[in-house]
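Everything on this sheet refers to the single structure shown next.
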Number of protein chains: 2
Amino acid sequence: MPPTPPFQRVHRESTASVITRQLREGIMYGTLAPGTQLTESGLAAEFGVSRGPLREAMQRLVQEGIVRSEPNRGLFVKELDEDEIRDLYTARAAVETAAGRLIIRDDDGSAVTALRQACAAMQSAAETGELAALSDADLHFHEVLVTASGSRRLQRMHQTLMVETRMCLTALQGTYRAPEDQVAEHRRIAEAIAAGDLNELLQAVESHMYEALDRLLSTTEPA
Amino acid sequence: MPPTPPFQRVHRESTASVITRQLREGIMYGTLAPGTQLTESGLAAEFGVSRGPLREAMQRLVQEGIVRSEPNRGLFVKELDEDEIRDLYTARAAVETAAGRLIIRDDDGSAVTALRQACAAMQSAAETGELAALSDADLHFHEVLVTASGSRRLQRMHQTLMVETRMCLTALQGTYRAPEDQVAEHRRIAEAIAAGDLNELLQAVESHMYEALDRLLSTTEPA
DNA sequence: CATTTGCGGATTGTCAACAATCCTGCAATG
DNA sequence: CATTGCAGGATTGTTGACAATCCGCAAATG
């Protein structure tokens, strides 16, 4: 065989994958509001494909949990009530805590560097006052955290959870808070990991999620 | 409306769901060995359905991560190499630890009772020497643990992980160890939760997973 | 007037056939 | 002898059409 062929394998994305991704983004950023019915024939026409591939994409989204299927009725964008949001952040705490533990156990220093960089990015976004950028940097931090753990399964789980998180943020735009605090919370997580302090990590993640939850649910209708 | 109609709502399971479940079980218990190709036409004929529903079932399994899809080539039962197994148990530790934490935080006592019952079931299976029953009771314990946490997302994640766990156990039948130790490890987890001792819980789960991993990987080809 | 009953429209569920793609083996070629 | 080109067979990818199911609404009924 040729010694280290410098080409990367071509991989054409399947139609269903493309559709899945597009729909997912639409749901994430609110183009497809929660509760919206996703009619197969309509969407198939929009994407310019048959109903077959589209149905496959739907199956994936259903299995991901961001689309709800009512048999013989239709598919709907899942709505997140208060309990669901609570559960979402519980699950996030679980995954991100585990990721932090793995980093503490295995890291050679690169993970901590990446986390501090992510914090710095948040910091500069906070200073310039760009809230959209700050929000992106926020999510990016958590992505870095879980990616750096090296666990594919944690990454997969987290990806799904982040889609739902983005759904929440999109639905409730305008829940501002002091950007400095926001940065500080993340820095606390990063430094807990850097210090290898497990208990501090647990508390940092938990309180971070609790803060976010509190912020989200206070704006929701209290009914 | 009639006062409390004594009938429960009928809900027919979709064909894709039935097929998904059957295939999943087949994979779990080794009827479909890792690496096996799952040909659509063949399976469709076996199930007596068209390829449409079967493809949908496949999509679900792919998204669950227990079936691998090679475009234009086919679908294959996913094989678990050493790193995958390590990652699997890492993820399990993450989920079950989180479940335990939730129980410590929220439980009214019923969860602890259920866990102790599960331990008792293991104990009696260990005493009578029925290894199959012991294995079932083992898995049942972990199911109870996560179910009692009350988090739907943790449950969903765990379900997938347990399918893969069962795959491992099926593939490597005959990795025996002292049943008493096996029971003891679970009891340690249950009692850590009962005592509300977080650090003990973390260590109990971690060492339990580490034991299981060690047992699994020692029998694998060391290549 | 309240309840039931049947119809119309729309959507999902299923199917069988067609097109595109890929692997296998063999023969042709240098 | 290694490589290339080319059918043959098989499998997946896609499509459009048909059947089954469900909802909403209006007419019929007591």
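Within every chain, numbering begins at 1; the chains are lettered A, B, ... in the order of the sequence lines, protein sequences first and strands thereafter.
In this entry the distance linking CG of B/Leu54 with C1' of D/dG13 reads 14 Å, nearest Å. Residue A/Glu70 contributes atom CD, which lies 18 Å from atom P of D/dT21 at whole-angstrom precision. Atom CG in A/Leu75 sits roughly 19 Å away from atom P in C/dA10 (whole-Å rounding). Between B/Met58 atom CE and D/dG13 atom C1' the separation is 15 Å, expressed in whole Å.
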Exercise for the section: Give the B/S/- string for nucleotides 14-21 of chain C, one per nucleotide from 5' to 3', where a protein heavy atom under 4.0 Å of the base yields B, of only the sugar-phosphate yields S, and otherwise -. Expected result: BBBB---S
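Side-chain contact between A/Leu75 and A/Glu40 is present, with at least one heavy-atom pair separated by less than 4.5 Å.
Only B/Gln37, B/Leu38, B/Thr39, B/Glu40, listed by number, bring a heavy atom of residues 33-40 of chain B to less than 4.0 angstrom from any atom of DNA chain D.
In this structure, A/Ile104 CD1 and A/Asp107 CG are separated by 9.5 Å, a value rounded to the nearest 0.5 Å. The NE2 atom of B/His208 sits 7.5 Å away from the OH atom of B/Tyr89 when rounded to the nearest 0.5 Å. From A/Leu54, atom CG reaches atom OG1 of A/Thr15 across 11.0 Å, with rounding to the nearest 0.5 Å. Note that the CD1 atom of A/Ile19 and the CD atom of A/Glu56 stand 9.0 Å from one another [nearest 0.5 Å].
The only option from A/Glu143, A/Glu96, A/His142 that meets the side-chain hydrogen bond (donor to acceptor under 3.5 Å, both in side chains) definition with A/His158 turns out to be A/Glu96. Checked options B/Arg24, B/Lys78, B/Arg156; the residue passing with B/Glu64 is B/Arg24 (criterion: salt bridge (Lys or Arg N to Asp or Glu O under 4.0 Å)).
Nearest-nucleotide mapping onto DNA chain D: of A/Arg73 and B/Pro71, the residue sitting toward the 5' end is B/Pro71.
Counting only distance, with no hydrogens or angles, the side chain of A/Thr165 and the backbone of A/Leu161 share a donor-acceptor pair below 3.5 Å.
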